[in-house]
Amino acid sequence: MNQITNNIMMIKPVGFRYNDQTAANNYYQTILDNLSYNQIQRKALKEFNSFVDLLKNAGVNVIVIEDTIMPETPDSIFPNNWVSFHADGSIVLYPMCAKNRREERRRDILDHLTYNYSFMINDIIDFTKFENHNKYLEGTGSMILDRENKICYACISIRTNYDLVTQFCKKFDYKPVCFTAYQDINKERKAIYHTNVMMCIAENFAVVCLESIDDLDERELVVKTLVSTNKEIIEISTNQKLRFAGNMLQVIGDKSYLVMSTSAYNILNKDQKSVINKYCSILHSPLDTIEACGGGSARCMMAEIFLPKKLI
C-alpha cells in the first residue's frame with residue numbers, strides 16, 4: 001500500500017475567520033484584532049491560492065473545491081478532519097467536536113469526485129453518530145497513518161477518542177499506537193488537540209516532537225515502533241512544534257516532496273533539513289494568517305485521495 005499520493009483535495013475558503021468554537025481546545029489560534037473578517041478572508045484566500053499554485057507547479061494533482069457561503073464554516077479550509085479517502089474505495093466521515101465544523105461535511109463533494117474525476121467510492125463508513133455521545137475523532141488530524149505498515153499513531157484528547165481510534169483500526173486492520181501529548185498553556189500541561197501538529201509520517205522518516213509525550217513508557221513505545229518500521233526519526237522541539245514544524249505532509253508530484261508552511265521551514269535547523277532532503281525535496285508556502293486564525297497549517301489543508309479510479 002502506498003504511503004503517499006499525487007491526488008490532493010483542498011477547499012477554497014469564502015468565510016475564513018477565527019472560530020470561537022474550536023478555540024476552547026486549539027491553543028494555536030490567535031485573535032487578530034487589527035483585521036476585520038473581510039481582511040482576514042482576503043489574506044487567507046491569497047495564501048491559499050499561492051499554496052495551490054506551488055503544489056500544482058510541482059506536479060501535484062490538486063482538486064480545488066469551492067466553499068459555500070452558507071452555512072458558515074470558518075474552518076472549512078481544513079478538510080482532512082471530516083473525511084478520509086482510502087485505497088480500497090472506502091470513505092470515512094468523522095465526528096467533529098465543534099458544532100459549526102460538522103457543517104463542513106458535504107455529500108456533493110463526494111459526488112463531484114465521483115462524477116467529475118472518476119474516483120471510485122465503494123463504501124461510506126460513517127462515524128458521525130458518535131457526536132451524539134460526545135465522542136470525537138477528527139480524521140487525519142487525530143490519526144497519523146503509516147499506511148505501508150498499517151500503524152495508526154494517535155495522541156488522545158477531547159478530539160481524539162480512544163474507543164473510536166480502536167474502532168477505526170479494527171475496521172482497516174491497523175495497529176493503534178496511542179499516547180497523550182502535552183503543551184504548556186498558562187503554566188499548565190494541556191493535551192495537544194490533534195496528533196498532526198506534533199507528528200508527521202513519511203515514507204522513510206518521521207518528524208515528531210517527542211518531548212511533548214510526558215509519559216516515558218508512551219514515548220518509548222512511539223520510538224520503538226518508528227524504529228521497527230525503519231523510519232529515521234527527526235526530532236523537533238516544542239518551540240518548533242509551535243511554529244507548525246510537525247504539521248507536514250509528503251506528496252508525489254514530479255518527484256517526492258515534503259510540504260509545509262514557510263513558518264515551519266524557517267524554524268527547522270540545518271541538520272533537520274538535511275535529513276529531509278536526503279529522502280525528498282521540500283516545498284513551503286507562507287500561511288501566516290491561516291495558521292494564526294485557524295490554528296492549523298499546511299498538512300491540515302490537504303485531504304489525500306487514495307481512491308481507485310473507475311475503469312473506462
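Keep in mind that what you see is a predicted model, and the values were worked out from it rather than measured.
- Of the inter-residue distances, the one linking K175 atom NZ with T166 atom OG1 reads 15.0 Å to the nearest 0.5 angstrom.
- Both F48 and F78 are assigned to one and the same hydrophobic cluster, defined by single-linkage of ILVMFWY side chains at heavy-atom distances under 4.5 Å.
- With hydrogens and angles left out, the side-chain atoms of S285 and E47 include no donor and acceptor closer than 3.5 Å.
- In this structure, L283 CG and Q250 CD are separated by 11.0 Å, a value rounded to the nearest 0.5 Å.
- One distance of note links CD of Q240 with SG of C209; it measures 8.5 Å at 0.5 Å rounding.
- No hydrogens or angles considered: nothing links the side chains of E235 and Q272 as a donor-acceptor pair under 3.5 Å.
- Residues I77 and F51 fall within the same hydrophobic cluster, defined by Ile, Leu, Val, Met, Phe, Trp and Tyr side chains chained together at heavy-atom separations under 4.5 Å.
- R219 is not listed as a side-chain neighbour of D215, based on a closest heavy-atom distance of 4.5 Å or more.
- Between Y257 and C280, every side-chain heavy-atom pair lies at or beyond the 4.5 Å cut-off.
- Q183 places a side-chain heavy atom less than 4.5 Å from the side chain of I185.
- With rounding to the nearest 0.5 Å, the separation of OG in S261 from CD1 in I290 is 10.0 Å.
- More than 12 heavy atoms of other residues, nucleotides or ligands shown are found within 6.0 angstrom of NZ on K309.
- Donor-acceptor pairing under 3.5 Å is recorded for the side chains of N81 and R101.
- Contact check on E211 versus R189 returns no salt bridge, with no Lys/Arg side-chain nitrogen under 4.0 Å from an Asp/Glu carboxylate oxygen.
- Counting heavy atoms from C-beta outward, N196 and N80 have side chains that approach closer than 4.5 Å.
- Of all heavy-atom pairs spanning G246 and V207, the tightest one is CA-CG1, 4.5 Å.
- Residues G253 and N6 share a closest heavy-atom pair of CA-ND2, 3.9 Å.
- S76 and E104 share no donor-acceptor pair across their side chains, judged by distance under 3.5 Å alone.
- Nearest heavy-atom pair across V62 and K56 is O-CE, 3.6 Å.
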Item checked: L226/I201 under side chain to side chain contact (heavy atoms under 4.5 Å, CB included): CA gap, chis, key distance, verdict -> CA-CA 9 Å; L226 291 171; I201 295 290; 3.5 Å; yes

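- Using a 4.5 Å heavy-atom threshold, the side chains of H194 and E138 count as touching.
- Atom OH in Y182 sits 10.5 Å away from atom OG in S157 (nearest 0.5 Å).
- Using modelled atom types, one finds a donor on one side chain and an acceptor on the other under 3.5 Å when comparing N7 with N61.
- For the residue pair S142 and Y94, no side-chain donor N or O sits within less than 3.5 Å of a side-chain acceptor on the partner.
- At distances below 3.5 Å, at least one donor-acceptor pair connects side-chain atoms of T229 with backbone N or O atoms of T225.
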Next item on the list: Before giving the answer on side chain to side chain contact (heavy atoms under 4.5 Å, CB included), spell out for Y162 and K135 the whole-Å C-alpha distance, their side-chain angles and the decisive distance to 0.1 Å.
Entry: CA-CA 9 Å; Y162 177 83; K135 291 184 176 183; over 6 Å; no

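- Follow the hydrophobic side-chain contacts under 4.5 Å out from Y279 and you reach L258 in the same cluster.
- Linking Ile, Leu, Val, Met, Phe, Trp and Tyr residues whenever their side-chain heavy atoms come within less than 4.5 Å places V259 and M301 in a single cluster.
- When atom types are taken as modelled, the side chain of D146 and the backbone of N149 share a donor-acceptor pair closer than 3.5 angstrom.
- With no hydrogens or angles considered, a side-chain donor-acceptor pair links N134 and Y136 at under 3.5 Å.
- Applying the under-4.5 Å side-chain rule to Ile, Leu, Val, Met, Phe, Trp and Tyr, the cluster around I69 extends to V14, M70.
- Between R147 and T140, the shortest heavy-atom distance links the atoms NH2-CG2, 4.4 Å.
- K224 NZ: 12 or fewer foreign heavy atoms inside a 6.0 Å radius.
- Between the side chains of N239 and S237, no donor N or O sits under 3.5 Å from an acceptor N or O.
- Between S256 and I4, some side-chain heavy-atom pair lies under the 4.5 Å cut-off.
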Item checked: side chain to side chain contact (heavy atoms under 4.5 Å, CB included) assessment of I234 paired with V208 -> CA-CA 6 Å; I234 303 171; V208 59; over 6 Å; no

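- Side-chain contacts under 4.5 Å among hydrophobic residues (ILVMFWY), followed directly or transitively, place L307 together with M9, I11, I63, I65, W82, V83, F85, I91, L93, M96, I109, L110, L113, Y117, F119, I121, I124, I305.
- Counted by atom type alone, S212 and K241 present zero donor-acceptor pairs between their side chains at under 3.5 Å.
- Evaluation of the salt bridge (Lys or Arg N to Asp or Glu O under 4.0 Å) test over residues 264-283, restricted to residues two or more places apart or in two chains, returns E232-K278.
- Counting only distance, with no hydrogens or angles, the side chain of N161 and the backbone of D163 share a donor-acceptor pair below 3.5 Å.
- Counting all heavy atoms, side chain and backbone alike, A154 lies closest to T160 at CB-CG2, 4.1 Å.
- By the 30° and 60° cut-offs, the orientation of the rings of H86 relative to F168 is tilted.
- Hydrophobic clustering, with ILVMFWY side chains joined whenever heavy atoms are under 4.5 angstrom apart, groups L249 together with V60.
- Between R299 and M248 the shortest heavy-atom distance is CG-O, 3.2 Å.
- Side-chain atoms of K129 never come within 3.5 Å of backbone atoms of P95 as a donor-acceptor pair (strictly under, hydrogens ignored).
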Next item on the list: Give the intermediate values and the outcome of side chain to side chain contact (heavy atoms under 4.5 Å, CB included) for residues H284 and M260.
Entry: CA-CA 5 Å; H284 64 90; M260 64 191 73; 3.9 Å; yes

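- Judged by distance alone, with hydrogens and angles left aside, the side-chain atoms of E291 form no donor-acceptor pair with the main-chain N or O of S297 at under 3.5 Å.
- Side-chain N or O atoms of E203 include none that pairs as donor or acceptor with a backbone N or O of Q3 at under 3.5 Å.
- At a threshold of 4.5 Å between non-hydrogen side-chain atoms, the residues V251 and E304 do not count as touching.
- In this structure, CG in L268 is found 5.0 Å from CD1 in I276, a value given to the nearest 0.5 Å.
- Two residues are said to be in side-chain contact when any heavy atoms from C-beta on lie closer than 4.5 Å; R106 and D67 meet this criterion.
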